[in-house]
**Q** 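Structure below; questions to follow.
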Amino acid sequence: MSDFDVLLHRTETLAKKYLRDISHRPVRASADGAELRKTLGAPLAANGMPATAIMEQLAAAAERGTVAQAGPRYFGFVVGGSLPAALAADWLVSAWDQNSGVFVLSPLVATIEDIAADWLKAVTSLPASMSVGFVTGCTMANFTSLAAARHHLCKKVGVDVEAVGLRDAPPITIVASEESHYTVSTSLRMLGFGTAGVKRVATDAHGRMRADALRDTLAQVSGLVIVCAQAGNVNTGAFDPLEAIADVIADAVRTRGVHTWLHVDGAFGLWAAASPKLAHLAKGIHRADSVATDAHKWLNVPYDCGIVFCAHPDSHRGAMTLAASYIQATDVERDPHEFVPEESRRGRAVPVYAALRSLGTAGLAEMIERCCRHAARFAELLGKNPEVRILNDVVLNQVLVRFERPGADADTLTRAVVAGVQAEGTCWLGGTNWHGMAAMRISVSNWSTTESDVEMSVNAILGVLSRS
Ligand SMILES: *Cc1c(COP(=O)(O)O)cnc(C)c1O
């Protein structure tokens, strides 16, 4: 075997060992930054180190320094894991090392993007005419969507905003809910809109934008308007009422002559649309002008991959691309970079392709439904304990838990249980603040989680509670 073969073979063994051990180790990291810096740091030497030795060292550090997000009992954030086919495809992507910005750079990756894009629209029932971009995550999918919105609305009034810039562009009113994801605000900042002027629409007890409140807001605006809705609240999993929101917007267009764009952040919620049982939650999403989602969350592909869908391909492309003399586009093929902020880029649609192909439509629906069943089971088992209160309607994969005991401060108790569970290591869950109350937040999004993982985790949580 060549040295290269030996290296890759050894690395494969180390990766397989990591994954084999993952459900037996503490989910939390057991090394801190200082220890990791001591193991891996030191000034860079003049002479190189053999690659196999580097991999051994990294693998040893990973045992203590990683959080077992790829494993079955990480419920802290909606992170998903990696389906076997998706992980294997990602290895191929690294081996191929394709710059997939332009079709001529990689006909294979560009074509796989097209196929994966069509499959994604089909499984989520989004219009086949939507343009698609594969980006690093939902933050950039939100960014791209809002850039497309700005292009589209400015063009309506004859302004080429990419040429003249915001200084000479007409004002655009941004409307978002009180609970839209903070990365929508990040995107607004990066795009130069700022966040101070955003009109915030009130939400209901589940964190859903209130369509009646949106109607009141739209009655006060004129000109160009972007409405940011969301499919899947990060705390409760609840969906904004997209059909009602689209109706309210259509009314405002008809009666007040405004130009509008409806953006939906569906980072994890869009995947409900892939399940016949859950699709009702996202009803109306096909009426959005843009939709952002993540594949590295609930589709369970490795980091990183977000996806933007746009109902106006010309505006999508217009916001993202600029011709360069040395990039000669083909007329028949789509150049991926025209739909994303990046130029050179990884072939991140390939793991998406492999994930979808390995699951099939039924397998995808089953994986999504299974995670939701696990979430419901968490709520059911925990809810039997008199000191536990489930704060949300468990409509999707999210469970909000609060611990209450006579004579104890519930916020303090809840925070203590969250910290205790994190330290105990059987599973990992985060804390949150829900409508003024401290809560434990459980997100189920990993393909490999089983019912016994849920039971083990419930026992660990209740054990910590009894000792708190
Ligand atoms: C995770 C998330 C985002 C941000 O996605 P990244 O992939 O982390 O960039 C945006 N919106 C919602 C609702 C999310 O859950």
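No hydrogens, no waters, no symmetry mates; every other heavy atom, side chains included, goes into these values.
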**Q** Distance from S187 atom OG to Y182 atom OH, nearest 0.5 Å?
**A**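 If we round to the nearest 0.5 Å, S187:OG and Y182:OH are 10.5 Å apart.
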**Q** Check whether F193 forms a cation-pi arrangement with R150 (NZ or CZ under 6.0 Å from the six-membered ring centre, at most 45° off the ring normal).
**A** yes
**Q** Nearest 0.5 Å, please: how far is CZ in R348 from CD1 in I307?
**A** 10.5 Å
**Q** Mind checking whether E342 and T136 have side chains closer than 4.5 Å, heavy atoms only?
**A**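 Yes; the side chains approach each other to less than 4.5 Å.
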**Q** With a 4.0 Å cut-off, would you call R254 and D251 a salt bridge?
**A**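 Salt bridge present between R254 and D251.
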**Q** Salt bridge between E380 and R373, side-chain N to carboxylate O under 4.0 Å?
**A**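 Judged by the 4.0 Å cut-off on N to carboxylate O distance, E380 and R373 do not form a salt bridge.
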**Q** For the atom pair CD1 (I245) and CD (Q230), what is the distance rounded to the nearest 0.5 Å?
**A** 9.5 Å
**Q** Mind running side-chain contact (heavy atoms from CB on, under 4.5 Å) on W261 and V227 for me, showing each step along the way?
**A** CA-CA 6 Å; W261 181 284; V227 177; over 6 Å; no
**Q** Answer yes when E455 and R377 have at least one side-chain N-carboxylate O distance shorter than 4.0 Å, and no when they do not.
**A** yes
**Q** Which is it for Y303 and V79 under the side-chain contact (heavy atoms from CB on, under 4.5 Å) test, yes or no, and what are the steps along the way?
**A** CA-CA 9 Å; Y303 281 94; V79 295; 3.4 Å; yes
**Q** Kindly state whether the ring of F378 and the ring of F75 have centres lying under 6.0 angstrom apart.
**A** yes
**Q** Given the rule in the side-chain contact (heavy atoms from CB on, under 4.5 Å) test, do N233 and R208 qualify, once you have shown the distances and angles that lead to the verdict?
**A** CA-CA 8 Å; N233 178 292; R208 296 177 295 207; over 6 Å; no
**Q** Thinking salt bridges, do D411 and R402 make one under a 4.0 Å N-O criterion?
**A** yes
**Q** Evaluate the side-chain proximity of P170 to C154: yes if any heavy-atom separation is below 4.5 Å, no if none is.
**A** yes
**Q** Taking atom types as modelled, is there a side-chain donor on D204 or H206 under 3.5 Å from an acceptor on the other?
**A**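 Not at all, the side chains of D204 and H206 share no donor-acceptor pair under 3.5 Å.
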**Q** I need the R441 CZ to N235 CG distance, nearest 0.5 Å.
**A** 5.5 Å
**Q** Do H435 and E179 have side chains that approach each other closer than 4.5 Å (heavy atoms only, starting at C-beta)?
**A** yes
**Q** Rounded at 0.5 Å granularity, tell me how far CG in N392 sits from OG1 in T236.
**A** 6.0 Å
**Q** What verdict does the side-chain contact (heavy atoms from CB on, under 4.5 Å) test give for T449 and V454, after you've listed the backbone C-alpha separation in whole Å, the side-chain angles of each residue and the deciding distance to 0.1 Å?
**A** CA-CA 8 Å; T449 302; V454 175; 4.3 Å; yes
**Q** Is a donor from one side chain sitting under 3.5 angstrom from an acceptor on the other, for T450 and D453?
**A**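 Side chains of T450 and D453: pair found under 3.5 Å.
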**Q** If you measure from NE2 on H316 to OG on S145, what distance do you get to the nearest 0.5 Å?
**A** 7.0 Å
**Q** Do you see a donor-acceptor pair shorter than 3.5 Å between the side chains of R200 and S180?
**A** yes
**Q** For residues P341 and V135, determine if any side-chain heavy atom of one lies less than 4.5 Å from a side-chain heavy atom of the other.
**A**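 Yes, close enough: below the 4.5 Å cut-off.
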**Q** Is the shortest distance from a Lys or Arg side-chain nitrogen in R345 or E113 to a carboxylate oxygen in the other one below 4.0 Å?
**A** yes
**Q** Indicate whether the side chain of R346 and that of S94 have a donor and an acceptor atom separated by less than 3.5 Å.
**A** yes
